[in-house]
4 protein chains.
Amino acid sequence: MKKKQKIIKEAIRLFAERGFDATTTLKIAEVSHVTEPLIFYHFKNKDGLFTEAIECIFFEYFSRLESLAVKTESEFENLENLIHMHFDYVAEMPNESYLLTSVRPARLRDFESVCIRNREEQRNRLNTFIAGCLKRGIQKKEFWNVPVEPTVRLFISSLIGLMRQEILSLSDRETDHERIISELKEIAVMYCRRSLVKD
Amino acid sequence: MKKKQKIIKEAIRLFAERGFDATTTLKIAEVSHVTEPLIFYHFKNKDGLFTEAIECIFFEYFSRLESLAVKTESEFENLENLIHMHFDYVAEMPNESYLLTSVRPARLRDFESVCIRNREEQRNRLNTFIAGCLKRGIQKKEFWNVPVEPTVRLFISSLIGLMRQEILSLSDRETDHERIISELKEIAVMYCRRSLVKD
Amino acid sequence: MKKKQKIIKEAIRLFAERGFDATTTLKIAEVSHVTEPLIFYHFKNKDGLFTEAIECIFFEYFSRLESLAVKTESEFENLENLIHMHFDYVAEMPNESYLLTSVRPARLRDFESVCIRNREEQRNRLNTFIAGCLKRGIQKKEFWNVPVEPTVRLFISSLIGLMRQEILSLSDRETDHERIISELKEIAVMYCRRSLVKD
Amino acid sequence: MKKKQKIIKEAIRLFAERGFDATTTLKIAEVSHVTEPLIFYHFKNKDGLFTEAIECIFFEYFSRLESLAVKTESEFENLENLIHMHFDYVAEMPNESYLLTSVRPARLRDFESVCIRNREEQRNRLNTFIAGCLKRGIQKKEFWNVPVEPTVRLFISSLIGLMRQEILSLSDRETDHERIISELKEIAVMYCRRSLVKD
DNA sequence: CATGAATGAGCGTTCATTCAT
DNA sequence: AATGAATGAACGCTCATTCAT
């Protein structure tokens with residue numbers, strides 16, 4: 001039981017660091033301190049291991065999304081929290097973030113069912129969250145009367161672009177990483193406010 | 001000579017469609033209608049082929065960046081053109097875009113030299129372009145007095161987030177792709193104006 | 001105890017259907033509704049299971065041979081009964097027949113001890129039975145004065161050739177299987193009579 | 001070119017001696033004095049190698065069948081030659097004979113197309129040959145008026161039973177093998193004559 | 001009796017790369 | 001410039017078998 005979790009954990013790290021194809025099952029076994037066949041005892045095959053890993057990642061991510069308590073007084077604060085959550089997520093779990101934001105983290109025989117399905121779920125949840133904020137904010141006159149649907153799309157695209165930037169900055173071990181990302185977060189929130197909030 | 005170009009072209013397609021590791025030199029040879037050893041005659045090895053392919057892609061991309069004629073009357077129009085250029089680039093060359101925006105399109109023995117180097121070059125060029133627009137715009141009172149450096153970072157991150165979105169929408173063969181992307185482009189330009197331009 | 005018999009029964013089916021090497025102990029466990037280690041509790045190893053299976057098969061076969069009541073009035077009738085018994089045996093137990101007539105049903109570490117030993121026993125018993133009939137028949141002037149030893153060999157060879165034919169026809173699910181085999185049996189008996197019996 | 005033939009030759013030997021599953025591609029490579037991947041260069045996979053091997057075997061066998069010159073004066077002599085040919089074939093090519101007469105020499109993904117197809121072809125050719133002899137012999141009053149179809153079946157079954165016997169005797173390294181097989185051949189011819197030929 | 005977890009050994013297959021021509 | 005033949009290295013995966021419980 002313990003070992004299965006360990007395998008998943010190490011697999012995520014290796015898949016993120018080297019990519020699916022460049023990660024051998026033997027290497028995963030080594031760093032997990034188990035023998036190779038144990039991987040195939042716990043998972044159907046390499047694709048199956050990857051699938052479970054992706055499910056784990058999205059499960060954790062969705063938990064974080066759900067636990068974003070929705071404030072009622074200020075809709076903008078909700079969006080701000082959403083932005084913060086994503087920056088924090090990348091900082092805490094860079095490998096998971098990388099796989100989460102990857103367009104094609106692996107090419108599986110049955111690719112659709114894992115990555116695409118979860119990505120759609122992610123889009124739906126983000127959609128619901130952001131569109132909700134926008135609509136309520138517009139109704140409460142907190143926000144300008146912006147077109148909801150395209151604004152949501154733009155918001156999501158930018159959010160993921162920002163995550164990508166944070167991941168890159170982390171993996172390139174950029175000097176001043178902390179400061180830059182912190183500034184980036186601030187400015188993102190600032191432009192969000194400026195674009196949506198009346199005064 | 002013709003054949004070498006053909007190899008690079010097909011390699012780009014396959015690398016984008018299936019990833020570096022999942023693309024065999026044999027497959028590249030087949031779809032290029034050459035024999036496998038010819039690839040090794042023209043390129044040092046698979047990594048070398050990939051390197052040349054990446055160089056080609058960035059060369060074309062940098063050409064497009066350079067050919068963005070810089071208007072002097074309106075700085076906002078320059079930024080607008082930059083946004084349009086990137087949307088057009090994805091639409092015209094989806095495979096190239098995918099490799100261009102990929103965080104780690106391949107894990108080469110000497111990875112730094114090609115992907116990271118070009119990505120830095122790209123960041124520098126975008127930086128120069130956007131920072132120039134912002135500074136001149138601020139000076140000319142066309143723009144608000146925004147902090148230049150973080151704004152540039154946010155701009156670039158969002159731009160690449162938008163490209164990613166367009167690529168995804170293409171590869172998922174989303175219904176209404178045309179309309180959605182067109183709307184996304186418009187709204188991106190709109191928020192850009194709203195955030196920067198004084199009324 | 002019940003389970004051990006079940007394992008042997010299913011093992012025979014699988015060994016016959018797919019061959020020894022292509023039959024995994026896991027598969028045997030599954031179709032027997034037991035877990036894999038139980039097989040190794042009941043049998044020393046896979047070879048041991050196969051050995052017991054073969055012993056079972058020959059035990060049943062030898063029982064049938066022994067229970068062929070020997071008529072004294074007509075020696076030919078005894079041979080006829082022998083032929084019928086073999087046709088019936090194939091029809092009733094095709095998997096067992098297949099393993100019984102297989103030249104090399106498995107390559108065990110200690111192959112001799114089970115397949116070859118039983119095959120020799122089989123040859124000896126058939127030899128005794130047939131040679132006895134022939135000698136008595138010749139003495140009683142029921143049969144022509146044929147050379148006993150070679151005739152026995154020919155008889156056995158043909159008999160097994162006929163079994164093989166019946167097995168093949170069964171496994172190929174030949175249309176008209178029933179009719180063809182029935183005709184084959186008749187004609188075999190007919191030629192046997194014609195060759196041996198004095199008008 | 002030379003090497004491909006060598007691989008097939010050695011593969012036939014090993015497949016016959018140990019069975020398909022127990023014969024590893026590495027072992028085939030070793031005894032053929034080539035490296036393992038060369039096998040996969042010349043053949044699609046292990047099944048493909050087996051398939052070509054079987055085709056070779058039947059090709060040679062069919063050649064021998066065809067080159068049986070058909071005498072016109074005596075139909076019995078034709079049948080006698082057929083029997084001799086099969087005995088000789090086993091003596092010369094025991095491994096090939098074993099695979100040829102095996103009910104299921106391997107369990108391939110696409111099993112039908114090789115073994116069953118060739119076996120049907122074999123049955124058809126033998127059928128044509130033997131039925132032709134019988135019919136002409138009956139017409140010429142050389143033979144008794146036996147029922148052709150079932151007689152042919154019996155003939156074929158016995159023939160293969162005899163081959164099996166010769167193979168077994170060879171592989172068991174029976175003492176007196178030569179004499180026994182020689183006697184078996186004689187007696188087979190004798191009973192054939194006695195059963196068919198008038199006088 | 002029974003089982004979940006675990007493994008050593010090995011197998012079929014792939015692939016980038018080389019070499020003689 | 002071009003290719004058919006060949007290979008070292010490694011990979012995903014399987015399987016009989018064991019062991020602690």
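First the proteins, then the strands, lettered A, B, ... as listed; each starts at 1.
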Side chain of L38(C): nearest nucleotide among dC13(F), dC1(E), dA6(E)?
dC1(E)

In Watson-Crick or G-U wobble terms, with both distances under 3.5 Å, the base opposite dT17(E) is dA6(F)

Closest to the T24(A) side chain: dC1(E), dC11(F), dC13(F)?
dC11(F)

Taken to the nearest whole Å, CD/E36(B) to C1'/dT7(F) is 13 Å

Let me know the distance between CG of L108(A) and P of dG12(F), rounded to the nearest Å.
13 Å

Considering heavy-atom distances to DNA chain E, does T35(A) or N45(D) have its closest nucleotide positioned more toward the 5' end?
T35(A)

What verdict does the side chain to side chain donor-acceptor pair (under 3.5 Å) test give for Y61(A) and Q122(A), after you've listed the backbone C-alpha separation in whole Å, the side-chain angles of each residue and the deciding distance to 0.1 Å?
CA-CA 9 Å; Y61(A) 171 80; Q122(A) 179 193 20; 3.3 Å; yes

Calculate the interatomic distance between L14(C) atom CG and dA16(F) atom P; express it in whole Å.
12 Å

Rounded to the nearest angstrom, tell me the gap between atom NZ in K44(A) and atom C1' in dT14(F).
14 Å

side-chain N/O H42(A) vs dA6(E) OP1/OP2, d < 4.0 Å:
yes

May I have the distance from F43(A) (atom CZ) to dC13(F) (atom C1'), rounded to whole angstrom?
15 Å

By nearest-heavy-atom nucleotide on DNA chain F, the more 5' of D47(A) and L26(C) is D47(A)

Can you tell me how far C1' in dT21(F) sits from the matching atom in dC1(E), rounded to whole Å?
13 Å

In whole Å, what is the span from the NZ atom of K27(A) to the P atom of dC11(F)?
10 Å

Rounded interatomic separation in angstrom, taking CG from L49(C) and P from dA16(F):
11 Å

How are the rings of F62(B) and F58(B) set relative to one another: parallel (under 30°), tilted (30 to 60°) or perpendicular (over 60°)?
tilted

Proximal nucleotide (of dT17(E), dA5(E), dT17(F)) relative to the Y41(A) side chain
dA5(E)

Check every atom of dA2(E), dC13(F), dC15(E) against the side chain of K46(A) and return the nucleotide holding the closest atom.
dC13(F)

Sub-3.5 Å donor-acceptor pair from the side chain of R164(D) to the main-chain atoms of T101(C), do we have one?
yes

Within the pair T25(B) and dC15(E), is there a side-chain N or O less than 4.0 Å away from OP1 or OP2?
no

Distance, rounded to the nearest Å, where F40(B) contributes CZ and dC15(E) contributes P
12 Å

Six-ring centre of F43(B), K4(B) cation under 6.0 angstrom, axis tolerance 45°:
yes

Measure up the F20(A) and F15(A) rings against each other and bin them: parallel (under 30°), tilted (30 to 60°), perpendicular (over 60°).
tilted

OP1 or OP2 of dA2(E) less than 4.0 angstrom from a side-chain nitrogen or oxygen of K3(C), does that happen here?
yes

Assess K46(C) against F40(C): is NZ or CZ under 6.0 Å from the centre of the six-membered ring, and within 45 degrees of the ring's axis?
no

Among dC19(F), dA6(E), dT7(F), which nucleotide has an atom closest to any side-chain atom of P37(C)?
dC19(F)

Any strand counts, and the cut-off is 3.5 Å on both contacts for Watson-Crick or G-U wobble. Which nucleotide pairs with dG10(E)?
dC13(F)

Ranking T23(A) and T23(C) by the position along DNA chain F of their nearest nucleotide, the one closer to 5' is T23(A)

